[in-house]
Each structure stands twice: as structure tokens, then as C-alpha cells.
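Below: the structure, in C-alpha cells.
Just so it is clear, the values below take in all heavy atoms, side chains as well, and ignore hydrogens, waters and symmetry mates. Letters A, B, ... are given to chains in the order of the sequence lines, protein chains preceding strands, and every chain is numbered from 1.
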Amino acid sequence: MTPTNPRDRLFAAGMGSLWIAAAFPLVLLAVHEISPVAAVSIASEAARWSLRLCLGVTAVFAAGLALLPTVRAGVAFAFSMWLDSVRRNPAPLRKAQMELRHAETAARHFEVGRLAALQGDLRLAATHLSRALEIDPEIDSALFLLGKTAFQAKDFSSAGRILGEVVAKDPNHAFGEALLLLGRCRYVLGDVECAAELLQRHDREQGGNSKSKFWLAQALFAAGRAAAAEEALRAAATPLQGRRETPEERFYRARARVRLWRARGKA
Amino acid sequence: MRNVLERPGEAPVTLALALAYVTCAFLTGPVEPDPERLFAYGMLRPLDAASGEPWRLLSCAFLHGGIVHLGFNTFALAWIGPMIEKSIGSARFALLYAVSALGGSIAFCLWNAPWQSVVGGSGALFGMMGSAVALNMRAGRHIFSFLAYEGPRALLSLIAVNLVLGWMMPMVSNTCHIGGLLSGFLLTFFFLQGPREGVTTRGAALRAAIALLFVSCAAYCIRPVARWDWLLSAWHEADPGPARDALKRAYMLSAAGDPDAEASEEDLEADFRELQKIRSTYRR
């Protein structure tokens, strides 16, 4: 079965390399029986190319860190996400699950779902949020969180459907985050005109940050509106005034800068 | 450490290893060991491991190069050994020690020159530290959850400090440390505990690959077909004929970079005599 997503492809590449490394000494032993000179040649070439590969990867990474803002910002963003994941305290979720066992209510299911989403356990979150909505379909927060969970799980069609319901009831739900995520869902699903319209509305009404402006720029480029897209990219690349940037914002600002360089280079 | 002395039954393998360290130290000379005695009792050199003495890959982990070396390693063993042994059981702990020691020795043989020698249990001790990291990683909800706690972070710092010290000090083989650390970690993480998500094809393939890597590297240490000393010995033992010529060309490629370099039988015999001189350095 061919791996479809990047993580599976990376795992397959890693496994392939591991199997090659594991079999290499035995291959050398076998080749030696046929031709000792060939075995020595293969071993020296392998050592030479391994060293070149290590040096090459290190050089590329160092050059990326030095020259490309996206690499620096990306590493910092990934590190901050990892740090957040290891600092999570599972105790509130366990407590909420215990309370749920005593009495099943929509509010308690919502609380378990909310805490599970914070812990990164998207499946658990979706289960409890769905159950909360079964008991009380009027909990808009649960509907939004369910849509957000589906978005994080990359189930964009479900996320689009659910967030569409949220936005229909209240476009400014969660300070416009529902509108933003819905716009991104539409972009991923290929409805770029609708995506551009939604994201422009979000930008007008909520202001947005480098991430929302970068997504807007992507949607506008896809819709063929290059001038407006560059405008959005410039806004995304502008450093924040008045408060400290989060690692995520810094990453998207870096992406916007690189994207602008490419756009100007083509012009 | 108190466990080892006051309640020896709780960590029998740790106690046995500590006694083995001390016994071997007395057999080889506790304060300043005699190199010939160290060699006789199992000091490792890659060229000896490839010359019909593969047991040295394990025996070197019980010998030490002096009272300070012995003291540090015995202290480290007494500190971390009981903790790991009580966590995974005595039989698995013995296996961990053996595999980590072998891992360190294999790394040494693959990386260092054939005539370089090594003794010491620190490869295996690094393996225990790697095992402690693996146990912490497997115990948490997420494999990096353990970093939220100070104790495991301190363990990582200790490993890092020891690796840096090993790199800075000239008489210390960091290759052994790293080989032992990786071996102990991989053994504990993938083999000594059941899979977190149950048995999967991916997990089984990964375990098989790791096991094969270990075995094939060990096989290569015993039979390093691309290394000049082994090729020279094989050439010397071969009967005249095409096989011997092929071994000669392989040796010239390995040693001089050119399989067709000018070298007579006498030149190779002279090289072999030099190799024998190196081999017999510590032999009585």
C-alpha cells in the first residue's frame, strides 16, 4: 500500500533506510564471497557517501537556518508546539471524566470534550462533543469545538459542514475563529471563491493576524486575484506592533515574507 | 546504592556485576592493571575480535583500567543498577547489560582503528541510562510526557554531561558510550516491554529491522571483510590461486586505495609480520 500522507511517507522512508542499513553488512559479507575487491569498494563508497550525506544535510539545514526565515520560525514553532504538548496536565480531564460518570449531562460531556481537545486527544473530544450535542443541540460552543476538532483532524468536509452551521447562527462566534476555519476548509476543498470571500470578511470584521492574512493571500492567489493577494501578503509580513508575536504568528509572517520574495521575483 | 549492600536479594544481578568488577580488578591489578593481564582476561581490540576471539566483545565490559575507572563505574552501577533491575526484573536486566555491553563494543569495533583497545563497563552503564529514558518514555501518556518532570530531565542532563566529558577526555571512548546508550534504549523501548498500541505490522517490521541491524553489525565485527587487517590475514591463510590474488587486490584497495598498486608477495608478508607484531603486543 502506497503511503498517502506526509507522515506515512516519512515513516516509510525511515524504515527503508533502516532496513538498508541493517542488511548492508550482510550484503558486504555475501559480496565478499563473490568478489573481495567489490566488497571493499562498496564499503568505502558507502562510507564516503554517508559522510557526504550527513555533511550535506547539516549544510542544507544550517543554510536554511541562516538564510530562510521560514526554517528558523518553523523550528521555533515546532519546538513551542512540542513544549506545549509535554507540559499539558492530564489531571483536569481525568477529573471531568470522573464527574461525568456520576451524572451524564450535556455540560459535562462538553467539558470532557473541551479538555480532551486541549490535550490533543481529538477522537475522545469528538466523541464527547457529539454526545453533548445529542443531549442538547443548542450548545453552540460544542458545535464549534466539534468543527474545530474535525478541522484539526484534517476532516475538512465534516469541519466545513459543521462550521457552516456555526457561522450561519453567529458569524462572529469565538471572535471570528469559526469564520476563519470555515474559509480555510473551503480553500482546502477547492471552493476558492467562497474561501476568498469568507476570509476577506474575517479580515474586515476581525482584523486578523499573520496566519489569517496568509490564508487569505493563498485563497486570493488561487482565485486569480494576484494584486489583492500581494496586498494581503504584505499585511501578513508586517511585524506586529503593541504585543509580542507568538511562534505561530512568527512562522506565518516568515512564510508571507518568503512568498512575497517569490512573487516579486516572478514579477 | 544502599539497596545493593543492605538488601542484596532485591538486585542480585547488580550485586553480581559489582562483584565481577571487583574480582576482575583484583585479577588484573586493582590500582594500575597490567596490560598483559587485562588482555588475557578479555580486553577488546577490533583485530582480536575478528581473529577468532569474539568473546572479547562482552568480556571487556567487566574489566577496568585502574582504581579510578573501577570506582566511577562501580558507583554508577550501584546507583542506577538496582533501580533498573527492580523495574524490569533480574533476567531482563542481565540481558540489558549484555546487549548494551555488546552494543558499545560493536560501535567501538566499527568506528575505531583495529589496534585500539578498550576496557570498561561504561558502555553497559550508558545502556542502563538509555533504558531508564526508555522506561520513562513508555510510562507516560505521550512518549515525551516524561519531560514534564524534573527527575527524567535530570537524567537526560546527566547523559549529556557524561557524553560531553567523554568527548573532552582523551582516554575515554565515547563511541562505546553512544553504542551502549543506543543499544540499551532500543532494547528497552522496543523489546523489553509490550507494544503500546498492540502488535502491528509496522511495529513488528521495525523491531525486526533493529534486531537485524544489531546482529549484522555484530557479524561484521567478527568478520570485517572490508578492513585491511582481516583481508591481510585472510590473504596469508589462503592457498595460492585466484582466491588469494583476489584477497591481495582487496587488501591493496583497502590499505592503499588502489587494487592494482605495485606490491610483491614479500611486501605483503612484511605487512603481515607487522600485523602479527601488533597482535602479539599484549600476549605473553
Can A:Glu33 and B:Arg223 be counted as an ion pair, charged N to O under 4.0 angstrom? yes
If I measure from the heavy atoms of chain A, does B:Ala243 come under 4.5 Å with its side chain, its backbone, both, or neither? neither
Name the region of A:Ser41, side chain, backbone, both or neither, that has any atom closer than 4.5 Å to a heavy atom of chain B. both
Classify the ring geometry between A:His32 and B:Trp230 as parallel (under 30°), tilted (30 to 60°) or perpendicular (over 60°). perpendicular
Within 6.0 Å of CH2 in B:Trp55, more than 12 heavy atoms from elsewhere: yes
Who wins among B:Tyr220, B:Phe214, B:Trp228 for the most heavy-atom pairs under 4.5 Å with chain A? B:Tyr220
Ion pair check, B:Asp245 and B:Lys248, cut-off under 4.0 Å: no
Could you tell me how the ring of A:Phe214 sits relative to the ring of A:Tyr252: parallel (under 30°), tilted (30 to 60°) or perpendicular (over 60°)? tilted
Part of B:Ala208 lying under 4.5 Å from any heavy atom of chain A: both
Interchain contact, A:Phe24 with chain B, by part (heavy-atom threshold 4.5 Å): neither
